[in-house]
Amino acid sequence: MTGIHDPVLAWYDANKRVLPWREAGASPWAVMVSEFMLQQTPVNRVLPAYERWLARWPTPADLAAEAPGEAVRAWDRLGYPRRALRLHAAAQAIVERHGGEVPDDHAALLALPGVGTYTAAAIASFAFGQRHAVVDTNVRRVLARSLTGVAQPSISPTAADQRLAVSALPDDEATAARWAVASMELGALVCTARTPNCAGCPIRSRCAWVLAGSPPYDGPPRKGQTYEGTDRQARGRLLAVLRSASAPVAKAELDACWPDAVQRERALDGLVADGLVEPLARSRYRLPG
DNA sequence: CAACCGTGGCT
DNA sequence: TAGCCAAGGTT
């Protein structure tokens with residue numbers, strides 16, 4: 001399996017995208033911001049928000065000093081706005097517990113709000129050059145195909161995925177760090193979910209899935225996520241109104257953005273419970289101050 | 001652990 | 001067109 005390292009690393013050097021968080025001057029904080037934004041949001045949509053965010057808050061302390069609502073507003077339409085709240089809380093934790101510096105320790109990273117197994121490993125690897133299995137959906141797919149020989153990885157991450165990724169990690173720290181980005185980039189650009197570009201793949205001659213004749217996916221059906229008419233959509237509508245408002249918003253204005261009163265109240269209550277919306281006196285609402 | 005949590009582009 | 005998918009985390 002080590003046979004796949006060199007071709008993927010060489011492919012990466014020749015084909016990697018130029019991304020701001022990969023520049024030599026990118027700080028650990030910049031890497032961390034990018035990782036939060038990239039959780040379930042495509043690169044192209046992250047780029048503008050990322051640039052604005054770092055220009056405004058170049059250090060964790062800068063963000064920590066702001067009201068959380070400003071983070072939610074600056075999050076714009078990246079989706080899953082709780083990530084903005086968690087990034088803000090993580091910035092505060094970094095100031096309080098780590099002197100304002102993004103920690104380089106995996107366990108310390110994992111203890112931050114909004115940082116799970118993947119993000120902790122990604123920051124430790126990308127920002128600090130450490131050796132970690134950085135297992136995201138791209139890497140799971142690359143390993144599922146090239147090593148396991150199946151069209152798609154399991155629906156949700158498993159301990160087996162993690163073990164496989166650990167076993168595929170180069171021994172040398174610097175090489176492991178390069179492998180982490182490179183294997184992820186291969187999954188993003190070539191070994192894609194829908195229509196992989198196997199003709200352009202540096203390891204097609206060693207890929208277990210290709211060698212098996214590229215058999216189609218035969219696992220359980222993937223749950224298609226509906227969106228129309230869901231609480232999520234209602235929450236999105238409500239929050240969009242509050243994001244664009246510069247002053248507290250009257251309840252009546254929120255009522256106008258979603259017809260079903262029961263669902264609307266549930267969504268609003270949920271936003272308040274999540275800390276994304278702050279209720280004020282006289283039935284007015286705003287982003288948390 | 002399954003369900004929940006946004007938003008938009010692509011096929 | 002309607003689904004599928006996107007650098008996950010939390011409960």
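Computed from a predicted model, the values in this text were never measured in an experiment. Letters A, B, ... are given to chains in the order of the sequence lines, protein chains preceding strands, and every chain is numbered from 1.
- The shortest distance between the side-chain N/O atoms of Arg77(A) and the OP1/OP2 oxygens of dG6(B) is not below 4.0 Å.
- Here the P atom of nucleotide dG9(B) and the CG atom of Leu78(A) are 13 Å apart, to the nearest Å.
- Separating the CG atom of Asp76(A) from the C1' atom of dG8(B) is a distance of 12 Å, rounded to the nearest angstrom.
- With dG8(C), dA7(C), dT11(B) as the candidates, the nucleotide lying closest to the side chain of Asn138(A) is dA7(C).
- Among the heavy atoms of the strands lying under 4.0 Å from Thr119(A) are primed sugar atoms or P, OP1, OP2 only; no base atom is included.
- Both Arg86(A) and Glu185(A) sit near DNA chain C, but only Glu185(A) has its closest nucleotide nearer the 5' end.
- Between the P atom of dG8(C) and the CD1 atom of Ile123(A) lies a distance of 13 Å, rounded to the nearest Å.
- Rounded to an integer number of Å, the gap from CG of Leu238(A) to P of dT7(B) is 10 Å.
- Rounded to the nearest 0.5 Å, atoms CG (Leu189(A)) and CE (Met184(A)) are 12.0 Å apart.
- At the heavy-atom level, Thr137(A) lies under 4.0 Å from the strands shown only through sugar-phosphate atoms.
- In this structure, of dC5(C), dG6(B), dG9(C), it is dC5(C) that holds the atom nearest to the side chain of Arg222(A).
- Side-chain polar atoms of Glu173(A) and Gln130(A) form no donor-acceptor pair below 3.5 angstrom.
- Among the heavy atoms of the strands lying under 4.0 Å from Pro81(A) are primed sugar atoms or P, OP1, OP2 only; no base atom is included.
- Using a 4.0 Å heavy-atom cutoff across all strands shown, Leu85(A) reaches no nucleic acid atom at all.
- Within 4.0 Å (heavy atoms only), Gly79(A) reaches at least one base atom of the nucleic acid.
- At a cut-off of 3.5 angstrom, the base of dC5(C) holds no donor-acceptor pair with the side chain of Arg194(A).
- As a whole-Å value, the separation of Asp136(A) CG from dA6(C) C1' is 10 Å.
- Between Arg264(A) and Asp255(A) a salt bridge is recorded (basic side-chain N to carboxylate O distance below 4.0 Å).
- At the heavy-atom level, Tyr227(A) lies under 4.0 Å from base atoms of the strands shown.
- Side-chain N/O atoms of Glu35(A) and Tyr118(A) include a donor and acceptor closer than 3.5 Å.
- Nucleic acid contact for Leu239(A): none, since no nucleic acid atom lies under 4.0 Å from a heavy atom of the residue.
- A donor-acceptor contact under 3.5 Å is formed by the side chain of Arg232(A) with the base of dG6(B).
- One atom, CG of Leu47(A), and another, P of dT7(B), lie 19 Å apart when rounded to the nearest Å.
- Across dT1(C) and dG8(B), the matching C1' atoms stand 16 Å from one another, rounded to whole Å.
- We find that CE of Met37(A) is positioned 16 Å from C1' of dA6(C), with the value rounded to whole Å.
- At a threshold of 4.0 angstrom between heavy atoms, the contacts of Trp75(A) with the nucleic acid are absent.
- Between Gln40(A) and dG8(C), a side-chain N or O to OP1/OP2 separation shorter than 4.0 Å is present.
- Comparing Leu110(A) and Ser34(A) along DNA chain C, the residue whose closest nucleotide (by nearest heavy atom) sits nearer the 5' end is Ser34(A).
- Checking dG6(B), dA6(C), dA7(C) against the side-chain heavy atoms of Thr41(A) singles out dG6(B) as nearest.
- Of the candidates dG9(C), dG6(B), dG9(B), the closest approach to any side-chain atom of Gln39(A) belongs to dG9(C).
- A cation-pi arrangement is found for Arg222(A) relative to Tyr217(A), the charged atom lying closer than 6.0 Å to the ring centre and inside a 45° cone about the ring normal.
- In this structure, Arg141(A) reaches the sugar-phosphate backbone alone: every heavy-atom distance under 4.0 Å involves primed, P, OP1 or OP2 atoms, never a base.
- With dG9(C), dG8(B), dA7(C) as the choices, the nucleotide that has an atom nearest any side-chain atom of Arg45(A) turns out to be dG8(B).
- Using a 4.0 Å heavy-atom cutoff across all strands shown, Thr195(A) reaches no nucleic acid atom at all.
- Using atom C1' as the reference point in both dA7(C) and dT11(B), the two lie 22 Å apart (nearest Å).
- Contact annotation for Arg243(A): backbone-only contact, meaning every heavy-atom pair under 4.0 Å involves sugar-phosphate atoms and none involves a base.
- Aromatic rings from Trp53(A) and Trp75(A) are positioned such that their centres are separated by under 6.0 Å.
- Backbone-only engagement by Ala193(A) is indicated by non-hydrogen atom pairs under 4.0 Å involving sugar-phosphate atoms exclusively.
- Between the side chains of Ser34(A) and Arg22(A), no donor N or O sits under 3.5 Å from an acceptor N or O.
- Rounded to whole angstrom, the span from the CG atom of Leu242(A) across to the C1' atom of dG6(B) amounts to 15 Å.
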